[in-house]
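Letters A, B, ... mirror the listed sequences (proteins, then strands); counts begin at 1.
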There are 2 protein chains.
Amino acid sequence: MTDDTPKSGRRRQARGEQRIAQLLDAAAEVFAEQGFKGASTNAIAARAGASPGTLYQFFKNKEALAEALMARYVERLREAHGEAFDLRVARLPLDELLDRVVDPLIAFDRAHPGFAVLLADPHLSPELAAAKRPAQQAMFERLDAIFAARAPRLPEAERRRTAEVAVHLFRGLLPLIMAAEEGDELAAVTAEAKRAIGAYLGPVIGTGPSEGTQAGGDRPASA
Amino acid sequence: MTDDTPKSGRRRQARGEQRIAQLLDAAAEVFAEQGFKGASTNAIAARAGASPGTLYQFFKNKEALAEALMARYVERLREAHGEAFDLRVARLPLDELLDRVVDPLIAFDRAHPGFAVLLADPHLSPELAAAKRPAQQAMFERLDAIFAARAPRLPEAERRRTAEVAVHLFRGLLPLIMAAEEGDELAAVTAEAKRAIGAYLGPVIGTGPSEGTQAGGDRPASA
DNA sequence: AGGAAACACGAGCAATCACTCGTATTTTAA
DNA sequence: TTAAAATACGAGTGATTGCTCGTGTTTCCT
């Protein structure tokens, strides 16, 4: 990220690392407020307390800045998931599984408002879209792994489709989640999100502590 | 729309109406491809086969253009809904109700790709955001009316919340729906959307032909 | 027929944008 | 101590944007 191939020359100074962090923080804020296109690099530099020239010393262009920000998000996302997402949750009752998966995700998204904005923007360049992929994969793959552990007899195609749909269901509720104010409103929206996702997942991966696979009761054969 | 207060002076010519339609068509395309911010008015005019000056004869600025486009979408949405959304569907089994509601919505969104783009953009000016509201209300209110007819004993607050969540669940799946290619893939995604929304709605408004209200079996009390 | 208004054009204006560059300061390594 | 590298600045550049305006053409009404 920021700048590869430092093949020769001296090392980056601590000052530089701080500036990069400041610039990424500022970029996160401005992207969250204005979107990628609407954010000006001069505004980002100003909010970071730096000049445009300084910004371009660390990032070769606006896109590279967004890519570096995405990379930092992915890093933090992995940290946040690491604990909450290990495969033992697969054996929990569905309610608890959802608590363990949804709560940290909501906390992360609310703590990093620029993340959802960048993720949701469908008009990014191919390079930036590629930078988004690890973030989506991070969520999708872990969900998929949980499903695989919980319902090993579920066909892979169906399992993958289910994981993808579940991710999109959550993303659909994100605007509601982001807009809710901390407290009762957020709790209500969170509960509703879990209810919606749980209702969708239940017939496929089971509601109880993982019974492996069970042939769901009233689940229609897929068309 | 376009220009109010034509208090005096002569009437709009047929040529003008055609130009407006061309400009709105072009705007829909360019907004869908580039987003609102990314679309340039010169590009829209060019795609409509007109000059910038002509565009600004009918729309006082870029925002008014988008507002007029939104207004046209709302108009068409009401037409598309009118038949499919009347309250008799409330008495159908949930599966059929979903068919009647979801299928036309998917058809509309796929036929008007600019619509979803404008609706989903969270970085629009207050005026444009206000222009979006009728579209969201159109969907929300009719859903709410259906729920009210189907489950009259459901508390209003819960009913409204359910309608809103249902709309967001659908919107979350929209990217999948828009990206699917006509045929098997679209059919599969459509079925999955109905399954997800139906699973969420079933415990609240009942799966059978409306029994009024029924106390759902395993619905947990909201936290 | 003829005048007025609607329609049309497109060069160009002012503002903004992403980005550069010449220069000055701070840090590092010898 | 000192030279090179890293960091920092910010006015400026070229491109693009939303939009205007002078001018010409088409349509309508009488």
Side-chain angles (χ1 to χ4, degrees), chain A residues 1-24 26-27 30-31 33-69 123-125 127-128, chain B residues 1-24 26-27 30-31 33-69 123-125 127-128:
Chain A
M1 82 192 80
T2 59
D3 207 330
D4 296 335
T5 62
K7 56 173 79 173
S8 66
R10 230 185 296 168
R11 279 186 62 232
R12 164 148 296 146
Q13 303 179 0
R15 213 182 2 154
E17 301 283 1
Q18 287 172 19
R19 266 284 194 243
I20 288 176
Q22 289 167 1
L23 288 164
L24 291 181
V30 181
F31 286 152
E33 291 165 12
Q34 318 271 359
F36 176 75
K37 258 251 150 189
S40 91
T41 54
N42 285 21
I44 292 171
R47 178 150 340 186
S51 70
T54 296
L55 189 156
Y56 283 94
Q57 183 146 42
F58 297 105
F59 305 99
K60 80 173 206 295
N61 54 33
K62 187 180 176 180
E63 210 177 87
L65 174 61
E67 284 172 28
L69 179 59
H123 303 291
L124 304 175
S125 66
E127 293 83 23
L128 247 178
Chain B
M1 78 191 81
T2 59
D3 208 330
D4 296 334
T5 61
K7 57 172 78 172
S8 67
R10 229 188 294 171
R11 278 186 61 230
R12 165 148 294 147
Q13 302 179 1
R15 212 180 4 152
E17 302 283 1
Q18 286 173 19
R19 266 286 195 239
I20 288 177
Q22 290 168 1
L23 287 165
L24 290 181
V30 181
F31 285 151
E33 291 166 12
Q34 317 271 357
F36 176 75
K37 257 256 155 183
S40 91
T41 55
N42 285 20
I44 292 170
R47 177 148 343 183
S51 70
T54 296
L55 189 156
Y56 282 93
Q57 184 146 45
F58 297 105
F59 305 99
K60 81 174 204 296
N61 53 33
K62 188 181 177 182
E63 210 178 86
L65 174 62
E67 285 173 27
L69 179 60
H123 302 292
L124 304 175
S125 67
E127 294 83 24
L128 246 178

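- Closest approach of B:Glu67 to B:Glu127, counting heavy atoms only: OE2-CB, 3.6 Å.
- Straight-line distance from the CZ atom of A:Phe59 to the P atom of C:dT20: 15 Å, rounded to whole Å.
- Between the CG atom of B:Leu65 and the C1' atom of D:dT17 there is a distance of 15 Å, given to the nearest Å.
- Across all non-hydrogen atoms, the minimal contact from A:Ser125 to A:Glu63 is OG-OE2, 2.8 Å.
- Here A:Thr54 does not reach the OP1 or OP2 of D:dT7: none of its side-chain N or O atoms lies under 4.0 Å away.
- Annotation: cation-pi geometry not satisfied between A:Lys37 and B:Phe36 (NZ/CZ under 6.0 angstrom from ring centroid, within 45° of ring axis).
- The side chain of B:Arg19 approaches C:dA8 more closely than any other nucleotide in the set D:dG10, D:dT20, C:dA8.
- A:Gly53 comes within 4.0 angstrom of a base, heavy atoms only.
- In this structure, A:Ser51 does not reach the D:dG10 phosphate: none of its side-chain N or O atoms is under 4.0 Å from OP1 or OP2.
- Nearest approach of A:Ala64 to A:Lys60, heavy atoms of both residues: CB-N, 4.1 Å.
- Proximity of A:Phe59 to A:Leu24: side-chain heavy atoms (C-beta onward) are separated by under 4.5 Å at one or more points.
- Atom NZ in A:Lys62 sits about 15 Å away from atom P in C:dT20, given to the nearest Å.
- A donor-acceptor pair shorter than 3.5 Å can be found between the side chains of A:Arg19 and A:Gln22.
- A close approach under 4.0 Å does not occur between any side-chain nitrogen or oxygen of B:Tyr56 and OP1 or OP2 of D:dT20.
- Rounding to whole angstrom units, CG of residue A:Leu23 and P of D:dT7 are separated by 12 Å.
- Remark: A:Ala39, A:Ser40, A:Thr41, A:Asn42 in residues 37-44 of chain A come within less than 4.0 Å of DNA chain C through at least one heavy atom.
- Distance B:Phe58 CZ to C:dC7 P: 5 Å, rounded to the nearest Å.
- Going from atom CZ of B:Arg12 over to atom P of C:dA8 covers 10 Å, rounded to whole Å.
- Heavy-atom minimum distance, B:Asn61 versus B:Tyr56: CA-CE2, 3.7 Å.
- Between B:Leu23 and B:Ile44, the shortest heavy-atom contact is O-CG2, 3.9 Å.
- The distance from atom CG of A:Leu55 to atom P of D:dT7 is 14 Å, rounded to the nearest whole Å.
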Base, backbone or nothing for each nucleotide of nucleotides 24-30 of chain C, written B, S, -, heavy atoms under 4.0 angstrom, 5' to 3'? --BBBS-
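- Taking atom CD on B:Gln57 and atom P on D:dC19, their separation rounds to 16 Å, with Å as the unit.
- Rounding to the nearest 0.5 Å places CD1 of A:Ile20 at 9.5 Å from CD of A:Gln57.
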